[in-house]
Chemist: 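Just passing along the structure, written as structure tokens.
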Amino acid sequence: MEDFKVCVHDEFCGGCVYQGVPYEEQLALKEQEVRRLFEDRGIRPEVFDAIEGCPQEHKYRYRNKMEYTFGDFVKDGPVCLGMHKKKNFMSIVTVDQCQLVDEDFNRILKFNLEFAESHGYRHYNKKSHKGLLRHLIVRKGIRTEELLVNIVTSRDEEFDEAGYVAGLLALSLSNQIVGILHTLNDNIADKVTCEELRTLYGRDYYMEEILELKFKVSAFSFFQTNVEAVERLYSEALALIDDFSGKKAFDLYCGTGTISQVLALKAGQVTGIELVEEAVEAARVNAELNGLTNCHFIAGDVFEELQKLQETPEVIVVDPPRVGMSMDAVEKIAGYGVPQIVYISCNPKSLALNLQQFVYLGYQVKYAKPFDNFPWTKHTECIVLLQRKRK
């Protein structure tokens, strides 16, 4: 185990909020926050289990994806590549010694800065909308040790694609680069938008394995950031259901279908619904890859798609984005009257709000447990079991 100290970037980087705080204290603070949010909404689980932390070996180097931004630390200064500065969105802090990622990410970041300097490339300016370099996205298959590198630029000037590929492939890395991509983006919004995607080397996806299932993860697909931790969370969440063998299950906000496919190993039929069309396509590919024929995926808004469906579920699992579920979606889901609903959440605040509505609609919160899947950061995940009250 590496001997980590307080991160050298902590003074300026806005990524971690608990640097220097003992880990047990971090866990206590996160659990207290979840309890407070529940109490504020009048949510009183029959059982509130203690927060589960990350094992010692997974407290660092756990992130399998980083989206870095090109910019400068001071106006008109040298090109930086990393995270936004605390309380100053316009400034960028180079994070080439980050402790949350594999060292290969840091090596690739350093190479990109050196490549930019040697070619005299400028970063994209958010005000003038001039400049070439916008973002760098690095993704890793934890189980497969595969790397996917995606450089995002404007069309402001030509980018040396051949030199970029040669330089990356010459790096001494612990993992294998399986794909090098070039995303072109002239959209003025300060986010990664794919207007054109070029595969410069290899393929536009990497492979991953979760709970003995294989997943093909494409360049812009959402995928869980901490694979080791999410396996524990998913296993415990699905174990809350009394029995879903042979039953008809809905996996709502299903992403690339990770939970759907774990459910499909026992369930009779699984229907997954997800807004992002690319994620749904990935879910279909992954189900086929794993030989699962009892999964059906629908692209669209959860509430709108549920309105169209004629079938009635016997089990429901929801894993919404940070904003949680709309009131209409909660009402529709509760309206099925299934005995048990499992809610997996990445935002305890929106979770508490949704639970308040479920309680009003006739469900009781049987069990809740927070998970610290992202040590040193502010983020906390939770699993909740809702049970229909007997009339």
Side-chain angles (χ1 to χ4, degrees), residues 9 12-15 63-96 98 100-101 104-140 147-168 171 177 179-202 204-206 217-223 225 276 278:
H9 307 302
F12 299 112
C13 176
R63 287 194 62 93
N64 63 5
K65 177 188 175 184
M66 285 295 283
E67 183 178 300
Y68 302 108
T69 301
F70 285 96
D72 52 26
F73 185 72
V74 294
K75 187 178 179 182
D76 299 325
V79 174
C80 296
L81 176 57
M83 310 300 289
H84 292 279
K85 183 184 176 184
K86 291 177 184 176
K87 301 178 181 178
N88 187 341
F89 193 76
M90 295 298 289
S91 294
I92 299 298
V93 182
T94 292
V95 289
D96 56 1
C98 178
L100 302 190
V101 297
D104 281 354
F105 283 52
N106 294 330
R107 295 182 185 109
I108 290 168
L109 184 153
K110 289 175 185 176
F111 162 77
N112 274 265
L113 279 176
E114 292 164 1
F115 188 78
E117 184 179 0
S118 66
H119 284 69
Y121 292 147
R122 298 172 300 153
H123 70 84
Y124 182 81
N125 188 291
K126 299 178 185 70
K127 291 183 177 178
S128 69
H129 308 301
K130 298 292 184 183
L132 180 68
L133 304 173
R134 300 196 69 164
H135 296 92
L136 171 69
I137 305 165
V138 184
R139 307 188 72 160
K140 176 190 171 184
L147 293 171
L148 194 64
V149 181
N150 185 2
I151 182 82
V152 184
T153 75
S154 70
R155 294 181 176 85
D156 192 61
E157 60 181 290
E158 286 296 316
F159 180 72
D160 179 10
E161 294 179 339
Y164 187 70
V165 170
L168 279 172
L171 293 177
I177 293 178
I180 300 173
L181 312 175
H182 181 194
T183 296
L184 293 147
N185 174 25
D186 284 324
N187 192 296
I188 61 172
D190 185 29
K191 63 177 183 177
V192 177
T193 302
C194 181
E195 295 180 344
E196 181 185 347
L197 180 64
R198 298 176 183 172
T199 302
L200 308 183
Y201 169 82
D204 63 354
Y205 65 90
Y206 71 91
V217 186
S218 59
F220 294 102
S221 288
F222 170 78
F223 203 74
T225 312
V276 180
E278 186 189 13

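Model, not experiment: these values are computed from the prediction.
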Chemist: Can you check whether F70 and Y121 have ring centres sitting under 6.0 Å from each other?
Modeler: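 Centroid distance F70-Y121: not below 6.0 Å, so no.
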Chemist: For a side chain to side chain donor-acceptor pair (under 3.5 Å) with T153, tell me which candidate from R134, E158, E161, H182 qualifies.
Modeler: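 Only one option passes, and that is H182.
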Chemist: Kindly give the heavy-atom pair with the smallest separation between V217 and R139, and that separation in Å.
Modeler: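 Result for this residue pair: CG1-NH2, 3.5 Å.
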Chemist: How close do L181 and A219 get, counting heavy atoms only, and between which atoms?
Modeler: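 Closest pair (atom of L181, atom of A219, distance): CD1-CB, 3.6 Å.
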Chemist: Taking all atoms of both residues into account, what is the closest heavy-atom pair of H123 and D72, and its distance?
Modeler: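 So the two residues come closest at NE2-OD2, 3.1 Å.
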Chemist: Looking only at non-hydrogen atoms, find the nearest pair between G82 and I92 and report the distance.
Modeler: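 G82 and I92 have their closest heavy atoms at N-CG2, 3.6 Å.
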Chemist: Do N112 and Y68 make a side-chain contact, defined as non-hydrogen atoms from C-beta onward lying under 4.5 Å apart?
Modeler: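 In short, these two side chains do not touch, never coming nearer than 4.5 Å.
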Chemist: Between NE2 of H135 and CG of D190, what distance do you get to the nearest 0.5 Å?
Modeler: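 Answer for the NE2-CG pair, H135 versus D190, is 5.0 Å.
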Chemist: Under the side chain to side chain contact (heavy atoms under 4.5 Å, CB included) criterion, do Y201 and V149 qualify, and how do the steps go?
Modeler: CA-CA 10 Å; Y201 169 82; V149 181; over 6 Å; no
Chemist: List the atom of D156, the atom of R122, and the distance in Å for their closest heavy-atom pair.
Modeler: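 Scanning both residues, the minimum pair turns out to be OD2-NH2, 2.8 Å.
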Chemist: Does E196 have more than 12 heavy atoms from other residues, nucleotides or ligands lying within 6.0 Å of its CD?
Modeler: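 For E196, atom CD is crowded (more than 12 foreign heavy atoms under 6.0 Å).
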Chemist: Is the side chain of D186 donor-acceptor paired with the backbone N or O of R155 at a distance under 3.5 Å, no angle test?
Modeler: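 Yes, the answer is positive, given that a donor and an acceptor are paired below the 3.5 Å cut-off.
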Chemist: Judged by atom type as modelled, is there a donor-acceptor pair below 3.5 Å linking the side chain of D96 to the main-chain atoms of L109?
Modeler: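 No, because the side chain of D96 does not come within donor-acceptor range (under 3.5 Å) of the backbone of L109.
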Chemist: Can you tell which of V192, L113, L81 makes a side chain to side chain contact (heavy atoms under 4.5 Å, CB included) with L136?
Modeler: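 The passing option is L81.
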Chemist: For a 4.5 angstrom cut-off between non-hydrogen side-chain atoms, does H129 reach Y124?
Modeler: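 In contact.
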Chemist: Side chains of N150 and T183: is there a donor and an acceptor less than 3.5 Å apart?
Modeler: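 Yes, T183 and N150 have a side-chain donor paired with an acceptor closer than 3.5 Å.
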Chemist: Using 30° and 60° as the class boundaries, would you call the ring planes of F12 and F73 parallel, tilted or perpendicular?
Modeler: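 Perpendicular: the ring planes of F12 and F73 meet at over 60°.
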Chemist: Side chains of F105 and K140: closer than 4.5 Å at any heavy-atom pair?
Modeler: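 With C-beta onward as the side chain, the pair touches.
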Chemist: Answer whether the closest heavy-atom distance between the side chains of Y206 and N64 falls below 4.5 Å.
Modeler: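 Heavy-atom side-chain distance check passes, below 4.5 Å.
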Chemist: Could you tell me if the side chain of N106 sits less than 4.5 Å from the side chain of C98, heavy atoms only?
Modeler: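 The answer is yes, as the side chains (C-beta and beyond) meet within the 4.5 Å cut-off.
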Chemist: Could you check if a side-chain atom of D160 sits within less than 4.5 angstrom of a side-chain atom of F115, using non-hydrogen atoms only?
Modeler: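 D160 vs F115: side chains touch.
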Chemist: Minimum heavy-atom separation for F220 to I137, with atom names?
Modeler: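 So the minimum-distance heavy-atom pair works out to CE2-CD1, 4.2 Å.
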Chemist: Counting only N and O atoms by type, is there a donor-acceptor contact under 3.5 Å from the side chain of S154 to the main-chain atoms of G131?
Modeler: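 Yes; at least one donor-acceptor contact below 3.5 Å.
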Chemist: Is E67 atom CD crowded by more than 12 heavy atoms from other residues, nucleotides or ligands, each under 6.0 Å away?
Modeler: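 More than 12 within 6.0 Å, yes.
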Chemist: Is a donor on one side and an acceptor on the other found under 3.5 Å between the side chain of N185 and the backbone of K191?
Modeler: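 Confirmed, N185 side chain pairs with K191 backbone.
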